[in-house]
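Structure first, then comments.
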Amino acid sequence: MEVLVIGSGGREHAITWAVARSKKATGIYCAPGNAGTAGLAENVDIKADDVDGLLKFALEKKIGLTIVGPEVPLVMGLVDMFEGAGLKAFGPREDGAQMEGSKVFSKNLFKKYNIPTAAFSEFDNSRDAIAYIKAWNKYPVVIKADGLAAGKGVIIAQNETQAIAAASDIMDRKIFGGAGEKIVVEEFLEGDEASILAFTDGETVLPLPASQDHKRIYDGDLGPNTGGMGAYAPTPLITPAVLEVIKRDILHPTVAALKSEGINYKGILYAGIMMTKYGPKVLEYNVRFGDPETQAVLPLLKTDLVDICLACCDGKLKDIKIETENIAAINVVLASKGYPGDYEKGVEIKGLDAFNGMNDMIAFHAGTAIKDGKVVTAGGRVMNITALAPDIESAIDKVYKNIDRVSFEGVYYRRDIGRRALKY
Ligand code: AMP
Ligand code: GLY
């Protein structure tokens, strides 16, 4: 079967890598892909949000399975269009993608179906929001733009002045454009976070090992937010008993709630979980694989990814058993100097064959491209150096012993990825 992977980041390299190990996949395309996917698949020069172009290509090539990496094409209704044309696409339809596409939608769903989450109110004008904030007295408080804002739409305000400024920036100054037509003002939850990526066909829910992202740019979780500077799995924060609670109180009720609303959700349901002193609460859902969590989680997956995705598309996930390696995985992001601010592109990357032939180290590409026969940087997050080991402590050790074998001028990475695992 021909498989098409949509996207161009580290997540998509990891998905392509897992598809390449599948017995089912006879040909793999990646649109638009990066220099890493080019080694495993045929890159196709169609952007991830060019839904018409992707559909035309998939029909031409008789693609048997399309796996969608980023959220934007899902929210645009890519899956509806592919299915309408008789093609199988892994991911929710437009209705289900609202879980990530609209915070007002997902928060109201949690409220209606008693799914544990932060208390909140929604607003469609800044005057009411500001009046509400003036009566609020518990800081920090969280202000969220309703729509997609490339991961930047959440502002944690430390005091009333910041909260009012956030509400006004989002709704009046439209710093996130149309994503700021509405906002959610919600209670700040204290605790440690985990990412649970689960497969679902709208009925059965099968989670992958829980992971932890590291969103801030600097060690010790300091500095501005990024797309994610590294991840590891499984995280000991989520014990088997806690996972059962999350399945019972959060994941299963969510899929059932969506069904009650007439939404048959299939694909990845990625729960951002806060472990509070009152138990796990859902911060939000994403409707796709996480980046960089996927680069830690998929290397642990023993079951054929194509089989799982097809079972989700066909409503047959109950027939699948997900098996994972009983080891730990970690990935550390090599970023361009200046990221998440401005950075240079086109810098040559050296040492890319350092891990060739090794099965416990993988260099997943993120923002890379091929220029004049050389692999160069093409984004802020450039590579995910990934290590597998029997336990997280030795995985951390291995990744940092080997990380400098891949390098480029101005490379920056965090030195404390995974260290949190050792404190649980
Ligand atoms: P995302 O929308 O996934 O980019 O994530 C926003 C981040 O904001 C989460 O991962 C949390 O770290 C933080 N966050 C969101 N909502 C809350 C909340 N109610 N309390 C505390 N932190 C939050
Ligand atoms: N790791 C955060 C995200 O994928 O949104």
Side-chain angles (χ1 to χ4, degrees), residues 4-17 19-20 28-50 53-54 57 67-73 148 150-152 213-215 217 224-231 288-296 298 331-356 361-386 403-414 417:
L4 168 64
V5 178
I6 296 175
S8 60
R11 165 181 57 202
E12 286 77 14
H13 189 188
I15 294 170
T16 305
W17 175 89
V19 170
I28 316 174
Y29 298 94
C30 193
N34 58 34
T37 62
L40 300 167
E42 188 180 319
N43 281 353
V44 190
D45 190 16
I46 307 173
K47 291 208 167 57
D49 59 1
D50 178 3
L54 291 166
F57 175 82
I67 305 178
V68 187
E71 62 278 12
V72 169
L148 290 183
K152 299 191 184 81
D213 187 5
H214 298 65
K215 286 184 199 279
I217 186 75
N225 261 329
T226 70
M229 294 301 291
R288 46 162 178 89
F289 285 102
D291 190 337
E293 290 94 326
T294 302
Q295 298 90 301
L298 285 186
N331 77 75
V332 179
V333 170
L334 302 185
S336 299
K337 185 175 155 193
Y339 176 77
D342 293 338
Y343 52 83
E344 211 182 322
K345 289 186 190 173
V347 181
E348 187 181 350
I349 306 169
K350 302 219 169 90
L352 281 169
D353 49 10
F355 310 131
N356 284 0
M361 292 284 314
I362 313 163
F364 287 124
H365 291 228
T368 69
I370 299 169
K371 200 175 141 200
D372 305 328
K374 288 179 179 154
V375 178
V376 299
T377 64
R381 293 189 296 169
V382 175
M383 303 283 306
N384 294 85
I385 305 303
T386 304
I403 196 162
D404 292 327
R405 294 167 70 181
V406 179
S407 198
F408 52 89
E409 211 182 288
V411 63
Y412 168 79
Y413 57 85
R414 271 180 66 161
I417 304 299

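Side chains are part of it too, since the values below use all heavy atoms of this structure and drop only hydrogens, waters and symmetry mates. What you see is a predicted model, and the numbers here were worked out from it, not measured in a lab.
Residues satisfying the side chain to side chain donor-acceptor pair (under 3.5 Å) criterion with N384, sequence neighbours excluded, are Q295, N331. Applying the side chain to side chain donor-acceptor pair (under 3.5 Å) test to E293 and every residue at least two apart in sequence or in another chain returns S195, Y270. With sequence neighbours left out, the side chain to side chain contact (heavy atoms under 4.5 Å, CB included) criterion links T368 to N34, A35, I349, H365, V375, V382, M383. Annotation: ring-ring contact (aromatic ring centres under 6.0 Å, His included) contacts of F289 (sequence neighbours excluded): none. Under the side chain to side chain donor-acceptor pair (under 3.5 Å) criterion, T294 pairs with no residue, sequence neighbours left out. By the side chain to side chain donor-acceptor pair (under 3.5 Å) test, N43 pairs with T37, sequence neighbours left out. With sequence neighbours left out, the side chain to side chain contact (heavy atoms under 4.5 Å, CB included) criterion links A31 to L4, V44, I46, L54. For K350, there are no salt bridge (charged side-chain N to carboxylate O under 4.0 Å, His left out) partners two or more places apart in sequence or in a different chain. Applying the salt bridge (charged side-chain N to carboxylate O under 4.0 Å, His left out) test to R288 and every residue at least two apart in sequence or in another chain returns E71, E100. Residues satisfying the side chain to side chain contact (heavy atoms under 4.5 Å, CB included) criterion with E42, sequence neighbours excluded, are Y29. Among residues two or more places apart in sequence or in another chain, the side chain to side chain contact (heavy atoms under 4.5 Å, CB included) test is passed with D404 by Y413.
Between the CD1 atom in I385 and the CZ atom in F355 there is a gap of 5.0 Å [rounded to 0.5 Å]. Atom CD1 of residue I362 and atom CG of residue N356 lie 12.0 Å apart, to the nearest 0.5 angstrom. Distance check: L298 CG to W17 CH2 gives 7.5 Å after rounding to the nearest 0.5 Å. Residue K374 holds its NZ atom at 13.0 Å from CG of L352, rounded to the nearest 0.5 Å. Atom OG1 of T16 and atom CD1 of I28 lie 6.5 Å apart (nearest 0.5 Å).
Annotation: side chain of R11 is in contact with side chain of P70 (closest heavy-atom distance under 4.5 Å). Within the 4.5 Å cutoff, the side chain of I217 has heavy atoms near those of the Y412 side chain.
One N or O on the side chain of R381 and one on the backbone of G228 form a donor-acceptor pair closer than 3.5 Å. When atom types are taken as modelled, the side chain of R414 and the backbone of M229 share no donor-acceptor pair closer than 3.5 angstrom. No donor-acceptor pair closer than 3.5 Å links the side chain of H13 to the backbone N or O of F364.
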Please tabulate, one pair per line, all N/O donor-acceptor pairs under 3.5 Å involving side-chain atoms of residues 336-346, not counting sequence neighbours.
residue	atom	partner	partner atom	Å
S336	OG	G379	O	2.8
Y339	OH	G227	N	2.8
Y343	OH	G380	N	3.1

